[in-house]
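Both counts, for ligands and for their atoms, begin at 1 and track the order of listing.
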Amino acid sequence: MTHTEPSQRGRLITLEGGEGAGKSTLLAGLRAHFEGKGLDVLYTREPGGTPVGEAIRALVLDPAHRHIAAETELLLMFAARAQLVREVLRPALAAGRWVLCDRFTDASYAYQGGGRGIDAARIAELERIATEGLKPDLTLLLDLPVAAGRARASQRSDADRIEAERDDFFERVRAAYRARAAAEPQRFCVIDASRPAEAVLRAALAAIEGLRA
Ligand code: Z5A
């Protein structure tokens with residue numbers, strides 16, 4: 001992973017999972033590991049990762065906006081994504097860098113598709129516009145029963161607007177993620193997130209190692 005040579009293609013690795021699955025914990029572990037090895041990796045997140053994207057994040061997750069329509073929510077997620085792809089992801093990958101992104105397009109299929117019930121074909125139309133075909137090289141899906149994730153998340157501060165949804169919403173999100181992983185097993189690595197954080201980190205590192213081969 002000496003990705004400073006521009007001749008080398010960068011890699012896009014995304015982290016996905018339901019509420020409280022442990023993405024932030026895993027990201028911190030991966031970051032410590034890569035920094036310890038002196039590896040140059042770009043860390044970013046969705047929605048967010050650019051000034052425009054972070055402004056959209058604040059808007060779309062604000063619990064004060066209780067009545068955002070599902071389609072509005074979807075468009076905001078893709079607006080932030082379009083900006084991230086052009087301002088951050090494409091330039092970094094073109095420069096041969098590896099990028100670790102906390103959520104990406106799969107989250108829209110899981111939350112707005114599975115959770116809100118928006119048709120996958122409509123989401124695919126927006127994906128074409130926003131990403132222009134950019135797909136992750138590897139997606140680490142942290143899979144955890146909804147009740148366990150919610151119990152973990154409840155130890156934190158106040159819920160954002162989407163976290164305030166009911167259990168059945170998160171069951172649909174989980175099912176949609178698992179269906180996407182089953183449909184693209186070569187891209188997804190599904191990690192049992194009920195295991196201790198160190199075991200989750202080891203599984204993620206093994207999958208990332210496979211990308212270098
Ligand atoms: N969203 C969307 O709807 N559509 C989209 O297209 C996109 C996003 C891109 C913000 O995402 C929201 O945006 C999200 C989906 C929506 N809404 N929801 N729900 P986010 O990624 O920023 O927020 P999040 O999903 O709520 O993730 P999080 O809050 O950062 O949780 P996490 O990263 O998965 O968990 P954590 O903070 O690492 O861990 C939670 C607790 O569990 C904490 O106390 C840890 O110490 C503990 N933990 C972590 N791992 C373990 C293990 N392995 N064992 C035991 N305990 C653990």
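Rounded to the nearest 0.5 angstrom, Asp106 CG and Leu141 CG are separated by 8.5 Å. In this structure, Leu39 CG and Arg97 CZ are separated by 11.5 Å, a value rounded to the nearest 0.5 Å.
In this structure, a donor-acceptor pair under 3.5 Å is absent between the side chains of Thr139 and Arg180.
The aromatic rings of Tyr177 and Tyr111 sit perpendicular, their planes meeting at an angle over 60°, well past the 30° parallel limit.
Hydrophobic cluster membership differs between Leu93 and Leu100, with clusters built from Ile, Leu, Val, Met, Phe, Trp and Tyr side chains linked at under 4.5 angstrom.
Residue pairs meeting the salt bridge (charged side-chain N to carboxylate O under 4.0 Å, His left out) criterion with at least one member in residues 128-138, sequence neighbours excluded, are Arg9-Asp137, Arg86-Glu132, Lys135-Glu184.
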List, for ligand 1, each N/O atom that has a protein N/O partner under 3.5 Å away, with both atom names and the distance.
| from | atom 1 | to | atom 2 | distance (Å) |
| --- | --- | --- | --- | --- |
| ligand 1 | 3 (O) | Gln112 | NE2 | 2.9 |
| ligand 1 | 4 (N) | Gln112 | OE1 | 2.9 |
| ligand 1 | 6 (O) | Arg81 | NH2 | 3.0 |
| ligand 1 | 6 (O) | Ser108 | N | 3.3 |
| ligand 1 | 6 (O) | Ser108 | OG | 2.6 |
| ligand 1 | 11 (O) | Arg103 | NE | 3.1 |
| ligand 1 | 21 (O) | Lys23 | NZ | 2.6 |
| ligand 1 | 21 (O) | Arg103 | NE | 2.8 |
| ligand 1 | 22 (O) | Arg57 | NH2 | 2.5 |
| ligand 1 | 25 (O) | Arg103 | NH2 | 2.3 |
| ligand 1 | 26 (O) | Glu163 | OE2 | 2.6 |
| ligand 1 | 29 (O) | Arg156 | NH1 | 2.5 |
| ligand 1 | 29 (O) | Arg156 | NH2 | 3.0 |
| ligand 1 | 30 (O) | Ser24 | OG | 2.8 |
| ligand 1 | 31 (O) | Arg156 | NH1 | 3.1 |
| ligand 1 | 33 (O) | Lys23 | N | 3.2 |
| ligand 1 | 33 (O) | Ser24 | N | 2.6 |
| ligand 1 | 33 (O) | Ser24 | OG | 2.7 |
| ligand 1 | 34 (O) | Ala21 | N | 3.2 |
| ligand 1 | 34 (O) | Gly22 | N | 2.9 |
| ligand 1 | 34 (O) | Lys23 | N | 3.0 |
| ligand 1 | 35 (O) | Gly22 | N | 3.2 |
| ligand 1 | 37 (O) | Arg156 | NH1 | 3.3 |
| ligand 1 | 38 (O) | Ser24 | N | 3.3 |
| ligand 1 | 38 (O) | Thr25 | N | 2.8 |
| ligand 1 | 38 (O) | Thr25 | OG1 | 2.6 |
| ligand 1 | 53 (N) | Arg195 | O | 2.9 |
| ligand 1 | 53 (N) | Ala197 | N | 3.3 |
| ligand 1 | 54 (N) | Arg152 | NH2 | 3.2 |

